Q: 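Okay, here's the structure, questions in a sec.
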Amino acid sequence: MAEETSTMKWILENMPLIAIIEGLIIIIMGVLFYLFPEKESSPTALIPAIFGAGLLVPGYLAHTNERMKMHAMHATAVFALIGTLGGLRALPDAIAGNFDRPTIASLVLLIICGEYMFFSIMSFRAARIKREQEAEN
């Protein structure tokens, strides 16, 4: 139990780094699916890369500039929310057993952005609690 708590604490304290890593993963996936298509190359394969950049760039800003951290992390949360909602479109295809590349890309987007959104909410909540405790002291 203590290990789970310390892992969660590490993640919540390093959200900018998590945003950078997950943004890179999504960008790489989008570029690979664009460069190596199943049939013919389509620019829509790069759509996940846009969401990856939406995590990577503000995550980098938050990691390198403490003054920008709050605003940048809120920007990553917006991109994660939109990516999560966009990834939901893959669920009917996945349930039907259609696992072509667009479905896989959308599922990866759903999982990564959904997971990031969850940790963003937990991080914002922890920051609010910390501010409230500091205000009481």
Side-chain angles (χ1 to χ4, degrees):
M1 182 72 175
E3 185 177 323
E4 290 177 23
T5 305
S6 66
T7 302
M8 175 73 101
K9 183 178 178 185
W10 185 89
I11 290 170
L12 297 179
E13 290 174 354
N14 292 288
M15 286 300 290
L17 182 60
I18 301 296
I20 292 168
I21 292 168
E22 292 186 355
L24 279 172
I25 291 169
I26 297 171
I27 290 170
I28 290 168
M29 178 197 63
V31 170
L32 287 176
F33 282 7
Y34 176 74
L35 293 176
F36 305 104
E38 285 180 328
K39 297 174 187 161
E40 61 184 56
S41 185
S42 172
T44 58
L46 293 172
I47 291 173
I50 295 168
F51 292 101
L55 292 177
L56 174 76
V57 173
Y60 178 77
L61 283 173
H63 187 67
T64 59
N65 186 345
E66 190 64 33
R67 287 183 33 228
M68 291 290 299
K69 186 173 185 176
M70 183 176 73
H71 300 297
M73 295 314 295
H74 280 87
T76 61
V78 169
F79 275 96
L81 174 63
I82 297 169
T84 301
L85 294 174
L88 286 173
R89 72 177 185 83
L91 289 181
D93 288 337
I95 291 169
N98 177 15
F99 290 101
D100 57 357
R101 285 202 180 171
T103 303
I104 292 170
S106 293
L107 287 173
V108 169
L109 193 65
L110 172 65
I111 292 166
I112 291 178
C113 287
E115 170 265 336
Y116 187 83
M117 193 69 225
F118 170 78
F119 285 121
S120 290
I121 292 167
M122 297 298 292
S123 175
F124 295 152
R125 182 175 172 264
R128 187 189 79 237
I129 291 169
K130 182 180 176 184
R131 277 193 313 272
E132 289 172 357
Q133 288 174 347
E134 289 173 355
E136 288 176 1
N137 295 333

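Fair warning: this is a prediction, and the values are worked out from it, not measured in the lab.
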Q: Between N65 (side chain) and L61 (backbone), is there a donor-acceptor pair under 3.5 Å?
A: no

Q: If the condition is side-chain contact (heavy atoms from CB on, under 4.5 Å), which residues does I11 pass it with, not counting sequence neighbours?
A: T7, M15, I18, F119

Q: Which class fits the ring pair F51 and F79: parallel under 30°, tilted 30 to 60°, perpendicular over 60°?
A: perpendicular

Q: Partners of I28 by side-chain contact (heavy atoms from CB on, under 4.5 Å), sequence neighbours excluded?
A: L32

Q: Can you tell if the side chain of T84 reaches within under 4.5 Å of the side chain of F118, non-hydrogen atoms only?
A: no

Q: Only counting residues at least two apart or in another chain, list the ones meeting side-chain contact (heavy atoms from CB on, under 4.5 Å) with T44.
A: S42, I47

Q: Honestly curious: do M70 and Y60 fall in one hydrophobic cluster under the side-chain, below-4.5 Å linking rule?
A: no

Q: Answer with yes or no whether the hydrophobic clustering places I21 together with L109; edges join I, L, V, M, F, W, Y residues whose side-chain heavy atoms lie under 4.5 Å apart.
A: yes

Q: Please check this pair: side chain of H63 against backbone of G59, looking for a donor-acceptor N/O pair closer than 3.5 Å.
A: no

Q: Between atom CD1 of I82 and atom CD1 of I50, what is the distance when rounded to the nearest 0.5 Å?
A: 11.5 Å

Q: How would you list, by chain and number, every residue that makes a salt bridge (Lys or Arg N to Asp or Glu O under 4.0 Å) with R67, sequence neighbours excluded?
A: none

Q: Kindly work out whether a path of hydrophobic side-chain contacts (I/L/V/M/F/W/Y, heavy atoms less than 4.5 Å apart) joins V31 to V57.
A: no

Q: Whether the side chain of S41 engages the backbone of P37 through a donor-acceptor N/O pair (distance < 3.5 Å, no angle test) should be reported.
A: no

Q: Should we say atom CZ of F124 is surrounded by more than 12 heavy atoms from elsewhere, each under 6.0 Å from it?
A: yes

Q: Roughly how far apart are E136 CD and R131 CZ, rounded to 0.5 Å?
A: 13.0 Å

Q: If you round to the nearest 0.5 Å, how far is CD1 of I27 from CG of L56?
A: 4.5 Å

Q: Rounded to the nearest 0.5 Å, what separates atom CE in M68 from atom CD in E66?
A: 11.5 Å

Q: By the side-chain hydrogen bond (donor to acceptor under 3.5 Å, both in side chains) test, which pairs, at least two apart or in different chains, include something from residues 114-126?
A: T76-Y116

Q: For G30 versus L46, what's the shortest heavy-atom pair and its separation?
A: O-CD2, 3.8 Å

Q: Shortest non-hydrogen contact from C113 to I26?
A: SG-CD1, 4.1 Å

Q: Among I104, N98, D100, whose side-chain contact (heavy atoms from CB on, under 4.5 Å) with P102 holds?
A: D100

Q: From L55 CG over to M73 CE, what is the distance, rounded to the nearest 0.5 angstrom?
A: 8.5 Å

Q: Using 0.5 Å steps for rounding, measure from the CD atom of E22 to the CG atom of L17.
A: 10.0 Å

Q: Check salt bridge (Lys or Arg N to Asp or Glu O under 4.0 Å) between E40 and all other residues, then give those that pass, not counting sequence neighbours.
A: none

Q: At their closest point, which heavy atom of M29 faces which heavy atom of P48, and how far apart are they?
A: CE-CB, 3.6 Å

